[in-house]
Amino acid sequence: MADKKKYNFKCLETECSNRVCCTRPEVNVTTGDLSRWTVANVLQHIMGALELKVPEGEGEVIRMVTARKPLESDSDKTACALYHEESNNCTIRYIRPISCRTFPLQYNGEKFFVSNKQCPGIGQGEVTKEALKEAKELAEEEYDERVETQLALPAIYGMIMAQMIKQSQEAMKNMSPEDLEKLEKMMQKQKDDEKEE
Ligand code: SF4
């Protein structure tokens with residue numbers, strides 16, 4: 001793509017016909033995004049729209065993504081929870097995740113490519129040499145952050161889980177025998193219900 005063919009791109013913003021940047025299957029979030037949102041003092045507003053995806057199949061990795069919501073115009077399809085359908089815009093446009101800022105240009109550690117050819121901004125406008133250099137640098141930054149996040153997340157997740165287990169064990173130690181019995185009954189019922197399903 002960008003190395004061989006000329007990369008012309010201009011985001012159509014609220015005039016975009018399909019907003020594939022917001023409706024693509026997953027909007028990746030990096031630890032760098034979390035840091036920027038913390039510094040900008042907006043993390044608490046965005047937190048509810050974030051999710052941790054734990055691996056469900058082989059080859060999957062733990063990742064942070066934005067939550068999804070069904071589109072009002074087509075409930076069979078979903079979009080990023082931060083997409084505002086009525087205004088056809090992103091609710092955090094000026095501090096959106098790095099994967100959205102670099103979209104549709106992406107870097108995979110070896111080459112640059114267009115991650116979604118459905119984006120109507122591709123082929124629009126003129127991209128100057130300087131703008132292309134900036135776009136490539138941002139795509140490289142996104143790649144570095146994505147790799148760093150993928151490496152760090154399993155350890156962070158493991159530590160949080162271990163801490164939660166430790167806290168529950170501590171809490172159980174302080175429970176009365178009656179409450180412990182109630183809890184055991186509840187857990188047994190849950191197991192039985194799961195078996196029946
Ligand atoms: S990045 Fe592409 S899909 Fe997203 S609003 Fe801009 S033109 Fe539309």
Side-chain angles (χ1 to χ4, degrees), residues 21-71 75 77-84 90-93 95-103 106-110 115-116 138-197:
C21 51
C22 302
T23 56
R24 64 195 151 124
E26 268 189 15
V27 175
N28 194 52
V29 172
T30 67
T31 48
D33 291 318
L34 298 185
S35 306
R36 284 183 287 275
W37 291 333
T38 302
V39 170
N41 207 18
V42 293
L43 183 64
Q44 68 275 28
H45 303 298
I46 299 174
M47 205 59 157
L50 304 181
E51 268 180 11
L52 197 60
K53 283 248 174 187
V54 290
E56 283 174 6
E58 237 177 82
E60 282 193 13
V61 291
I62 303 182
R63 55 218 188 273
M64 279 188 294
V65 293
T66 60
R68 310 289 300 177
K69 63 175 179 188
L71 281 175
S75 57
K77 292 185 185 154
T78 61
C80 166
L82 294 158
Y83 172 52
H84 189 252
C90 169
T91 51
I92 54 163
R93 177 81 180 88
I95 196 151
R96 62 200 190 283
I98 193 166
S99 73
C100 302
R101 281 193 282 138
T102 190
F103 186 90
Q106 211 176 356
Y107 182 62
N108 65 6
E110 287 175 5
S115 62
N116 195 319
L138 188 65
E140 282 174 338
E141 205 181 309
E142 189 274 337
Y143 171 77
D144 289 344
E145 284 193 12
R146 188 162 22 103
V147 171
E148 201 174 286
T149 305
Q150 272 175 16
L151 290 172
L153 267 187
I156 297 171
Y157 182 70
M159 276 194 308
I160 294 171
M161 290 307 283
Q163 184 66 25
M164 281 170 70
I165 291 169
K166 199 172 150 195
Q167 281 175 351
S168 339
Q169 284 169 340
E170 289 297 322
M172 279 172 82
K173 263 194 226 162
N174 297 327
M175 282 171 102
S176 66
E178 295 76 27
D179 285 344
L180 256 181
E181 201 184 321
K182 272 189 214 161
L183 183 67
E184 273 165 15
K185 275 186 190 162
M186 270 168 56
M187 285 166 77
Q188 189 55 50
K189 187 175 177 309
Q190 200 177 350
K191 271 190 201 164
D192 295 342
D193 290 348
E194 278 169 9
K195 264 187 212 161
E196 276 174 29
E197 279 172 12

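Note that the coordinates shown come from a computational prediction; the quantities given were computed from them, not determined experimentally. Heads up: numbering here begins at 1 and tracks the sequence.
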Problem - Exam field: side chain Trp37 to backbone His45, donor-acceptor pair closer than 3.5 Å - result: no

Practice task
Report the C-alpha separation of Glu170 and Asn174 in whole Å, then their side-chain angles, then the decisive distance to 0.1 Å, and conclude whether the side chain to side chain donor-acceptor pair (under 3.5 Å) test is met.
Solution key: CA-CA 7 Å; Glu170 289 297 322; Asn174 297 327; 5.4 Å; no

Handout entry: Rounded distance (nearest 0.5 Å) linking atom CZ of Arg36 with atom CZ of Arg101
Key = 5.0 Å

Handout entry: Distance (rounded to the nearest 0.5 Å) between Glu142 CD and Arg146 CZ
Key = 4.0 Å

Completion exercise
To the nearest 0.5 Å, atom CG of Leu183 lies from atom CD of Glu178 at 13.0 Å

Exercise for the section: Give a yes or no on this: more than 12 heavy atoms of other residues, nucleotides or ligands lie within 6.0 Å of atom CD of Glu148. Expected result: no

Practice task
Evaluate the side-chain proximity of Cys22 to His84: yes if any heavy-atom separation is below 4.5 Å, no if none is.
Solution key: no

Practice task
Please name the pair of heavy atoms, one in Cys80 and one in Arg68, separated by the smallest distance, quoted to 0.1 Å.
Solution key: N-NH1, 3.7 Å

Exercise for the section: Indicate the atoms forming the closest heavy-atom contact of Pro70 with Ser75, along with that distance. Expected result: CB-O, 4.0 Å

Handout entry: From CA spacing to verdict: side chain to side chain contact (heavy atoms under 4.5 Å, CB included), Val42, Ile92
Key = CA-CA 10 Å; Val42 293; Ile92 54 163; over 6 Å; no

Practice task
Could you tell me whether a side-chain N or O of Thr91 sits under 3.5 Å from a main-chain N or O of Leu82, the two making a donor and an acceptor?
Solution key: yes

Practice task
Could you grab the distance from atom CE of Met172 to atom CD of Glu184, nearest 0.5 Å is fine?
Solution key: 6.5 Å

Handout entry: Exam field: side chain Ser115 to backbone Gln106, donor-acceptor pair closer than 3.5 Å
Key = no

Handout entry: Distance (rounded to the nearest 0.5 Å) between Leu153 CG and Leu52 CG
Key = 6.0 Å

Problem - Shortest non-hydrogen separation from Tyr107 to Tyr143 and the atoms involved - result: O-CD1, 3.4 Å

Exercise for the section: Could you tell me whether a side-chain N or O of Arg93 sits under 3.5 Å from a main-chain N or O of Cys90, the two making a donor and an acceptor? Expected result: no

Fill in the blank from the handout: Rounding to 0.5 Å, atoms CD1 (Ile62) and NZ (Lys53) come to a distance of 13.0 Å

Problem - Contact summary for Thr149 and Met64, nearest pair of heavy atoms - result: CG2-CE, 3.8 Å

Handout entry: Closest heavy-atom pair and its distance - Val65, Val29
Key = C-CG2, 4.0 Å

Problem - Check against side chain to side chain contact (heavy atoms under 4.5 Å, CB included), Glu141 and Glu145 - result: CA-CA 6 Å; Glu141 205 181 309; Glu145 284 193 12; 4.1 Å; yes

Handout entry: Polar side-chain atom of Asp33 near backbone of Thr30 as donor-acceptor pair, under 3.5 Å
Key = yes

Problem - side chain to side chain contact (heavy atoms under 4.5 Å, CB included) evaluation trace for Thr66 with Leu50 - result: CA-CA 4 Å; Thr66 60; Leu50 304 181; 4.2 Å; yes

Problem - Min side-chain heavy-atom separation Val27-Tyr83 under 4.5 Å - result: no

